[in-house]
Structure formats: structure tokens, C-alpha cells
Engineer: 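Next up is a structure, given as C-alpha cells.
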Amino acid sequence: MSPLSLGIGAVLALGGAYLAFIQKKKSEGVVTELKFLKATPLAELHAAWKAITEQGFSGNYREFVETNGKAATEGELRSPHGNIPCAYFVATVERQFEREETTRDEKGNVQRRRMRSSENVSSQKSASPLYLESAGIRIPLDLDGASLDLKDGSDRFEPYESNRTYSFFNAASIQTGTKTLGFRYSEKIIPLGHPLYVVGEAKDSSGELRIGSPSEKGKPFIVSVKSEDEVIKSRESGARTQFYLGIALIVAGIAVALLVK
């Protein structure tokens, strides 16, 4: 047992305790809140906001809500890699490569081996506004701070072609000793017209009704292509995972503190 092992063990155990008890409790609190929320139709939200606005209280409307609708956007939006009609996308390009790693053994002999690795060389998300639409009512979603559940779009690998020009990649800038194998094009999307489950704060913003991140700390902001039941089950599973991972870290911390010299 040494001061270093005690310190590392303590950090692991404290991190595990936070995950297993504090973070798990927070996650379970969100799940309980989701279970007791009652969905409010968009038409009802819009009517409540309009009534307050007409009474001269523009900007005062603020309500934590659960609601549903279909995904919409302005104009025609397609995902960049799969050309899929969508209301929102997040797309990345990952460079996959091999690099040469040199090590020395205990006798000083040089050993070389090829290691496969990857790095992100491009990422983008749609700039077009995302709307929640139902029964002729369309409300913008401000996605800052949102917990997003998206569907998988295109996901493909293309081998590197040395005679091809890539807008996102400069071959001259790569490290010596690395070999580019190719690029993986991935995207996640909200398909156009797909049902959305939304939990957030409906509020007046410059005379427009929007749904965004709650002003009250700890309240969830969820925009999901999953149903309410699927979201709840996923978060319940996440809470259990946090507990088991936390217990594992506590055990690992105790083992490091007691056994590592």
C-alpha cells in the first residue's frame, strides 16, 4: 500500500459512489417525472400561449410540457451522405489509418508494428430549423442542451484514393509513418415527418412560441424519435448501468488501495 495507490483508489471509489448513488438517483428522478407527465397536444399549447399574448402578457408564457408531433423543417433537406429526406441530421467523416509504432524491449531491441486507428476529420449538423408539427400547428424546437435520440442514416466505408481530391482532408498534412486506409461516412437523422416525443419548456421568445431547454435546473429536455415508453425504458436501463458501473469502480478503488504497492 502506497500514498499513490491510496490516492488512485480513493478517486476510483469516490467516482463510483457518485455514479452508483447520486447520479443514479438523479436519473431515477427524471424517469419518475417522465412517467407522471401528461402529454399536452400542440393545439392546446398554442391556444394557451395565444390567450396569454392577447391579454397583453407577451413574453410571460412559460410551461414545462410533454408533447408529441411530427418532424418538419423549412424547404427540402437531405442528409449529406445518404441523400435521405430529413428534418434534422448530424453527419461525420472518420479517417481510418495505420501508423507505425516503434518500441524497445528489455534488451534494447527495436520492435516495429502497424497499429490501426481513426480520427474525425469532418462533422456537420443541419442548419435548417426543426419544427414539431401537429393538426396544423408548427412550433420551432431550440435544440441547445437537448438530449437527442436520432435514427441511423447512411453508414459506409470508402477506401482512400490517392488521385482523388477530398474537401475535408489534406494528404500533405498527415504524419510521417501513417497510411490512410479510407473514410467512414456516418450520419444520424430525424426523418421528415417522423413522430417525435418531446419534453421541454414551451415559452414565448420574441413573440413566437418555441420549445427549448427548461429554465429550471435538473429538468429534462428530450427530443426523441422513440416513443415515450421506449425513452423511459432506455433511461431506466441507463440508471441500472450507472449503479453497476459505480459499484465496479468502488470495488476497483478498494482493490487498488489495498493491493497495489
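Side chains included, hydrogens not; waters and symmetry mates left out as well; all remaining heavy atoms used.
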Engineer: Using the rule that two of Ile, Leu, Val, Met, Phe, Trp, Tyr join whenever any of their side-chain heavy atoms come within less than 4.5 Å, decide whether Leu130 and Val90 are in one cluster.
Structural biologist: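 Hydrophobic grouping puts Leu130 with Val90.
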
Engineer: Nearest heavy-atom pair of Phe64 and Leu37: which atoms, and what distance?
Structural biologist: CE2-CD1, 3.8 Å

Engineer: Would Glu33 and Lys35 satisfy salt bridge (charged side-chain N to carboxylate O under 4.0 Å, His left out), going step by step from the backbone distance to the final call?
Structural biologist: CA-CA 5 Å; Glu33 187 164 27; Lys35 286 180 176 179; over 6 Å; no

Engineer: So, Glu230 side chain and Ser227 main chain: donor-acceptor pair closer than 3.5 Å or not?
Structural biologist: yes

Engineer: So, do Pro80 and Gln124 sit near enough that their side-chain heavy atoms are less than 4.5 Å apart?
Structural biologist: yes

Engineer: Any heavy-atom pair between the side chains of Lys24 and Leu19 that's under 4.5 Å?
Structural biologist: no

Engineer: Tell me if a side-chain donor or acceptor on Glu100 pairs with a main-chain N or O of Arg113 at a distance below 3.5 Å.
Structural biologist: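 No: the side chain of Glu100 does not pair with the backbone of Arg113.
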
Engineer: Going hydrophobic residue to hydrophobic residue with side-chain gaps under 4.5 angstrom, can you get from Phe221 over to Tyr61?
Structural biologist: yes

Engineer: Please confirm whether the ring centroid of Phe97 lies under 6.0 Å from the ring centroid of Tyr160.
Structural biologist: no

Engineer: Starting at CD of Gln96, measure out to NZ of Lys179 and round the result to the nearest 0.5 Å.
Structural biologist: 13.5 Å

Engineer: Report whether Val223 and Tyr88 are members of the same hydrophobic cluster (ILVMFWY, side-chain heavy atoms less than 4.5 Å apart, transitive linking).
Structural biologist: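 They do share one cluster, since a chain of ILVMFWY contacts under 4.5 Å joins Val223 to Tyr88.
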
Engineer: Can you see whether Phe243 has Arg240 sitting over its ring - NZ or CZ less than 6.0 Å from the centre and within 45° of the normal?
Structural biologist: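 Relative to the ring axis of Phe243, which defines the angle, Arg240 lies outside at least one limit.
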
Engineer: Are any side-chain N or O atoms of Ser79 and backbone N or O atoms of Ile84, one a donor and one an acceptor, separated by less than 3.5 Å?
Structural biologist: yes

Engineer: Transitively linked via ILVMFWY side-chain contacts under 4.5 Å: Trp49 with Val198?
Structural biologist: yes

Engineer: Run the salt-bridge test on Asp204 and Arg62 with the 4.0 Å N-O cut-off and return the result as yes or no.
Structural biologist: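 Looking at Arg62 together with Asp204, the answer is no, because their closest N to O distance does not fall below 4.0 Å.
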
Engineer: How many angstroms lie between atom NZ of Lys125 and atom CG of Leu148, to the nearest 0.5 angstrom?
Structural biologist: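 The distance works out to 8.5 Å.
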
Engineer: If you take all heavy atoms of Val231 and Ser224, which pair is closest and at what distance?
Structural biologist: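 Closest approach of Val231 to Ser224: CG2-OG, 3.5 Å.
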
Engineer: Specify the closest pair of heavy atoms between Pro220 and Leu34, including all atoms of both residues, with the distance to one decimal.
Structural biologist: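 Scanning both residues, the minimum pair turns out to be CG-CD2, 4.3 Å.
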
Engineer: For the residue pair Leu209 and Pro140, what are the closest heavy atoms and their distance?
Structural biologist: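 Heavy-atom minimum between the residues: O-CD, 3.2 Å.
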
Engineer: For the residue pair Ile190 and Ala71, what are the closest heavy atoms and their distance?
Structural biologist: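 Answer, listing the atom of Ile190 first, then Ala71: CG2-CB, 3.4 Å.
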
Engineer: Contact between Ser234 and Lys226 at the side-chain level, heavy atoms closer than 4.5 Å - yes or no?
Structural biologist: yes

Engineer: Verify side chain to side chain contact (heavy atoms under 4.5 Å, CB included) between His194 and Lys151, making sure each step is shown before the conclusion.
Structural biologist: CA-CA 10 Å; His194 194 283; Lys151 294 186 76 69; 3.5 Å; yes

Engineer: Apply side chain to side chain contact (heavy atoms under 4.5 Å, CB included) to the pair Leu150 and Ile189, showing each step before the final yes or no.
Structural biologist: CA-CA 5 Å; Leu150 309 175; Ile189 65 171; over 6 Å; no

Engineer: Tell me yes or no: between the side chains of Ser5 and Ser2, is some donor less than 3.5 Å from an acceptor?
Structural biologist: yes

Engineer: Decide whether Leu258 and Ile250 are clustered together by the hydrophobic rule: side chain heavy atoms of Ile, Leu, Val, Met, Phe, Trp, Tyr closer than 4.5 Å, transitively.
Structural biologist: yes

Engineer: For the residue pair Leu132 and Leu42, establish whether any side-chain heavy-atom pair is separated by less than 4.5 Å.
Structural biologist: yes

Engineer: State, yes or no, whether a side-chain contact exists between Arg164 and Glu158 at a heavy-atom distance under 4.5 Å.
Structural biologist: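 Yes, at least one pair of side-chain atoms sits under 4.5 Å.
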
Engineer: Do the two ring centres, one from Phe183 and one from Tyr166, sit under 6.0 Å apart?
Structural biologist: yes

Engineer: Should we say atom CD of Glu208 is surrounded by more than 12 heavy atoms from elsewhere, each under 6.0 Å from it?
Structural biologist: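 It does: Glu208 CD has more than 12 such atoms within range.
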
Engineer: Please determine, by modelled atom types, if Thr178 and Glu98 share a side-chain donor-acceptor pair under 3.5 angstrom.
Structural biologist: no

Engineer: Between Glu187 and Ala91 (side chain of the first, backbone of the second, donor and acceptor by atom type, cut-off under 3.5 Å), is there such a pair?
Structural biologist: no

Engineer: Enter the distance from Glu201:CD to Asp142:CG here, rounded to the nearest 0.5 Å.
Structural biologist: 11.0 Å

Engineer: Could you tell me if Thr180 and Arg95 have a donor-acceptor pair between their side chains, going purely by distance under 3.5 Å?
Structural biologist: yes

Engineer: For the residue pair Glu94 and Glu119, establish whether any side-chain heavy-atom pair is separated by less than 4.5 Å.
Structural biologist: no

Engineer: Quick check: does any side chain N or O of Ser126 sit under 3.5 Å from a backbone N or O of Phe89, one acting as donor and the other as acceptor?
Structural biologist: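 Indeed, once roles are kept as given, a pair shorter than 3.5 Å links the two residues.
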
Engineer: Indicate yes or no for a side-chain donor-acceptor contact from Ser122 to the backbone of Val93 under 3.5 Å, with no hydrogens or angles considered.
Structural biologist: no

Engineer: Quick check: does any side chain N or O of Lys26 sit under 3.5 Å from a backbone N or O of Gly218, one acting as donor and the other as acceptor?
Structural biologist: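 No: the side chain of Lys26 does not pair with the backbone of Gly218.
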
Engineer: Hey, what do you get for CD1 (Ile137) to CD1 (Ile139), rounding to the nearest 0.5 Å?
Structural biologist: 7.0 Å

Engineer: Begin with the C-alpha distance, continue with both residues' side-chain angles, and end with the deciding distance and a verdict on side chain to side chain donor-acceptor pair (under 3.5 Å) for Thr40 and Glu66.
Structural biologist: CA-CA 6 Å; Thr40 305; Glu66 172 189 275; over 6 Å; no

Engineer: Within a radius of less than 6.0 Å around NZ of Lys219, do more than 12 heavy atoms belonging to other residues, nucleotides or ligands occur?
Structural biologist: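 Counting neighbours around NZ of Lys219, more than 12 heavy atoms of other residues, nucleotides or ligands fall under 6.0 Å, so yes.
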
Engineer: Any donor-acceptor pair under 3.5 Å linking the side chain of Glu228 with the backbone of Tyr197?
Structural biologist: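 No, because the side chain of Glu228 does not come within donor-acceptor range (under 3.5 Å) of the backbone of Tyr197.
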
Engineer: Would a 4.5 Å heavy-atom cut-off, applied to side chains only, mark Leu14 and Tyr18 as touching?
Structural biologist: no

Engineer: As an exercise, state the distance from CZ of Arg235 to OG of Ser27, rounded to the nearest 0.5 Å.
Structural biologist: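 With rounding to 0.5 Å, CZ (Arg235) is 8.0 Å from OG (Ser27).
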
Engineer: With a 4.5 Å limit on heavy-atom distance, are the side chains of Ser186 and Asp155 in contact?
Structural biologist: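 With C-beta onward as the side chain, the pair touches.
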
Engineer: Measure the CZ-NE2 distance between Arg138 and His46 for me, rounded to the nearest 0.5 Å.
Structural biologist: 12.5 Å

Engineer: Taking atom OH as the centre, does Tyr244 end up with more than 12 heavy-atom neighbours from other residues, nucleotides or ligands that are less than 6.0 angstrom away?
Structural biologist: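 Counting neighbours around OH of Tyr244, 12 or fewer heavy atoms of other residues, nucleotides or ligands fall under 6.0 Å, so no.
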
Engineer: So which heavy atom on His81 is nearest to which on Arg156, and how close?
Structural biologist: O-NH1, 2.8 Å

